[in-house]
Each structure stands twice: as structure tokens, then as C-alpha cells.
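We name chains A, B, ... by the order of the sequence lines, and we start the count at 1 in each one.
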Number of protein chains: 2
Amino acid sequence: MRADAQRNRERILDAAEEVFAHHGASASTEEVARLAGVAIGTVFRHFPTKDDLLAAILKRLLARLAEDAATLGGADGLHVFFRRLVEQAAAKRTVVDLAGVSVPAALSQLGEAVGELLGQAQAAGTVRGDVRRPEVMALLVSLCQGALQGGWDAKLQERTLAVVFAGLAA
Amino acid sequence: MRADAQRNRERILDAAEEVFAHHGASASTEEVARLAGVAIGTVFRHFPTKDDLLAAILKRLLARLAEDAATLGGADGLHVFFRRLVEQAAAKRTVVDLAGVSVPAALSQLGEAVGELLGQAQAAGTVRGDVRRPEVMALLVSLCQGALQGGWDAKLQERTLAVVFAGLAA
DNA sequence: TTGGAAAATGAGTCTCGACTCATTATCGTA
DNA sequence: TACGATAATGAGTCGAGACTCATTTTCCAA
């Protein structure tokens, strides 16, 4: 791949992340091109359809999250991760808005990272032993959705998470 | 209002509820008109913009939910209501998909009904006393969002709700 | 019954956004 | 450097869907 192509690809991904974070997945490809400083045709050369573009940034984002999760650990790693994700969701629509686009590989990667955190929390006795990964993921997704849509303030977020954490606790 | 106008208004609302439930808020007004058996112009005579139509069915739906909540009560009324709502969310996109449209009056009506259920559950000792209405609403909205998007099966729904109920419990 | 107001009709307009492609520019190799 | 391959450009096509309005139909009060 030629150097300019490589450079533009990165620019487009960065721009797309920014644009979709602010205006949701319904933002136009044209807007992405403008922010990236390339012509619209260039965007479509790299990502033949809008869905391809969405899938690409979603994959990147999920990978980043999984990586983030992997650096955490210990008794309250899971709790920290929950809080961090919910906070981000309120600010950035991206992850949340993209129900339609699927990137199975990236998602399962995140799932494993969360499973790891759950295991550690259970080992430390911070979380009940009979809780399993699927419901933890379900709660995570739900809370992100809710935070985005509801426009929670810090207080409400804390109180809501407190209820969920209590439910997870031993 | 003339009799035919009244009749058509009802038909349109019913059709809209059906259509938006299945295909989400992005379904076309034309589709609604077709199902209602009226011309597209008739829909716009009754609801000048698509948002007006969405707001109208959302208002209806929230009122129905509030009414539903009002018939419940006792120690586990809140729990029953949670479960019922989450189940519906998985089947019908309508309530959930409509983040953008706001119908403050209808929403606060639902809020009060939930508050009432919460009060009763707390009086019965089924729910901790320090839980307040806003976080209960936040959890309700979040779980509906999550259920819709995640396509939960019955098992997962039950396990997820179990965690939340444990968090609410005394 | 009938006249006119209210309502319905649906073909047509308009906007917006995804996507194309002939042309032009840029890169990297020989 | 020169040149062919690769990439970028952006005006233009296309389809979809919200909304309009001149015309026709329906209701109902007198």
C-alpha cells in the first residue's frame, strides 16, 4: 500500500470516530471526508460502503476497550471498567449507536477480557460466584445504552451503578 | 372534528404503532399510510411532521404503561413491572427507539407510577429504603435498551434481572 | 336535498445522502 | 528523471423519503 493511501486511511478512521461520536451513526460520509481533509471518493475507495466504515471504527474501538480491560485487574477491576465504559458512553455515541453493525471477532475479544475481570473479582470475593459472563455483558451494554440516551449526571450515574454493584456483590 | 377525520386519526395511530414497532422509528410515513389504508396526505394532515406522529404514539404508549403500572402494587409490583417492560422491549422497538422524541408530560406520568410502585415495595421490605426513583427509572430504561439491542433469550433476561433485583433488595 | 366547509387524495417537488467514474495527481521503481 | 501503476478528486447519478397542493370526495347543518 502506497504511503499516501496509508496516511489517508488513518485520517479517515480518526475523522469517522470523531464525527460518529458526536452525531451518531446517521452522520454523513461527506462530513467525515470534510473533517479528514480528503474527497468523498477517497473515503469510498478505502471503505466501499458506509457500513464498512462503521464496522472498521467499531472494531478499532472494541479492540481498544478490550486492551484497556486487559490492563485492569484485581478485586475492583470489573467495577472500574464498568464505570469507565458508562462514562464514555454518555460522551460518545459511537459504541452504543452501532447496534446494526456487527464485528463478531472484536466483540468476543471484549467478552473474554470482561470474563477475565469477572473471574478476578470473584476470586477476590468482590463479586458473587454464581454470576456469569453473559449477564455481566448484558448489564454493561444496557447501562451504556441507558447512560447515552438518558443523559445521566454524575450523581445519577453513581447511584445507578451502586445498585448494580450491590446486585453483583457477594 | 368530522367523523371520518376522527376515524382516520385512530387508524393512523394504530398503523403507526404497528409499523414503528416492527421496523423502528426509521420506517417510512408512506408505510404507515399504506397499513392505515389512507393516502399519504391524510397522514400529514393529522400529523404535520413525522416527529409529531412519533410523539403521538409515544405519548399513547407511555400513558398505557403508566396505567398498567397503576394496576400493579404490593411487595412485588415493581418486579413484575420491570419484567413486563423488558419483555415488551425485546419484542417492540417503539418505546426504546424513540430517544429523540420527547413527551415530558407523559414521561413524568410514568415516573410517578413507578415511584408509587417503588414506595410500596419499600414499605413491604422488598426493596432497600435508600433507593430512589431516578435510579430505578434509569435502570428500567437501560434494561429495555439492552434487551432490545442484545436480543436476550429468556434465560439471559432472567439472570440479568436477578442481578438487578438483588441490587435493589434489602 | 343541497351547498359549502372540512377532509382525503396522490402525483409531484425537494432535499439529502450514499455511491460512481472519467479525469487528474501522486508515488515509487527502474 | 521517466513512466506506469496506484490513488485522489469531485461533479454527477440515483434512490428514498419527507412534505405539498390543486383537485376531488365526503360529511353534515340548514
Taken to the nearest whole Å, CZ/Arg45(B) to C1'/dT26(D) is 12 Å

With the side chain defined as heavy atoms from C-beta on, Phe44(B) is closest, among dT26(C), dA18(D), dA8(C), to dA18(D)

From the candidates dA7(C), dC19(D), dT9(C), the one with an atom nearest any side-chain atom of Met1(B) is dA7(C)

Picking from dA7(D), dG17(C), dT9(C), the nucleotide nearest the side-chain atoms of Ala5(A) would be dA7(D)

Around Arg128(A), counting heavy atoms of other residues, nucleotides and ligands shown, do more than 12 lie under 6.0 Å from its CZ?
yes

- Query: Within the pair His46(B) and dA8(C), is there a side-chain N or O less than 4.0 Å away from OP1 or OP2?
  - Reply: yes

message: dG17(C), OP1 or OP2 - any side-chain N/O from Thr29(A) closer than 4.0 Å?
response: no

Original post:
Any side-chain N or O of Arg2(B) under 4.0 Å from OP1/OP2 of dA7(C)?
Top reply: no

Phe47(A) CZ to dA7(D) P, in whole Å, measures 13 Å

Taking dT9(D), dA7(C), dT20(D) as options, the one with an atom nearest any side-chain atom of Thr42(A) is dT9(D)

Among the nucleotides dC19(D), dT9(D), dG10(D), whichever has the atom closest to the side chain of Lys50(B) is dC19(D)

(message) Using a 3.5 Å distance criterion without hydrogens, assess whether the side chain of Lys50(B) forms a donor-acceptor pair with backbone atoms of Ala25(B).
(response) yes

Q.
I'd like to check Thr49(A) versus Asp52(A) (side-chain heavy atoms, cut-off strictly below 4.5 Å). Are they in contact?
A. yes

query: Is the CZ atom of Arg64(B) crowded by more than 12 outside heavy atoms at less than 6.0 Å?
result: yes

When rounded to whole Å, the CD to C1' distance for the pair Glu31(A) and dA18(C) reads 15 Å

In whole angstroms, the gap separating C1' of dA18(D) from CD1 of Ile12(B) amounts to 15 Å

Phosphate OP1/OP2 of dA8(D) contacted by Asn8(A) side-chain N/O (<4.0 Å)
yes

Rounded to whole Å, the CD-C1' distance (Glu30(A) to dA11(D)) equals 11 Å

Phe20(B) CZ to dG17(D) P, in whole Å, measures 12 Å

| message | Just to be sure I understand the rule, does Ala36(A) reach a base, reach only the sugar-phosphate, or reach nothing, if contact means heavy atoms closer than 4.0 Å? | response | nothing

Considering only heavy side-chain atoms of Asp4(B), the closest of dC19(D), dA7(C), dT20(C) is dA7(C)

Taking for Val38(A) and for Pro48(B) the nucleotide of DNA chain D with the nearest heavy atom, the one nearer the 5' end belongs to Val38(A)

Does any part of the side chain of Ile40(B), heavy atoms only, come nearer than 4.5 Å to the side chain of Val32(B), both counted from C-beta? no

Closest of dA18(D), dA8(C), dG10(D) to the Ala39(A) side chain is dG10(D)

Between CZ of Arg34(A) and C1' of dA8(D) the distance, given in whole Å, is 18 Å

Rounded to whole Å, CD1 of Ile40(A) lies from C1' of dA8(D) at a distance of 13 Å

Hey, does Phe47(B) have a side-chain heavy atom less than 4.5 Å from the side chain of Arg9(B)?
yes

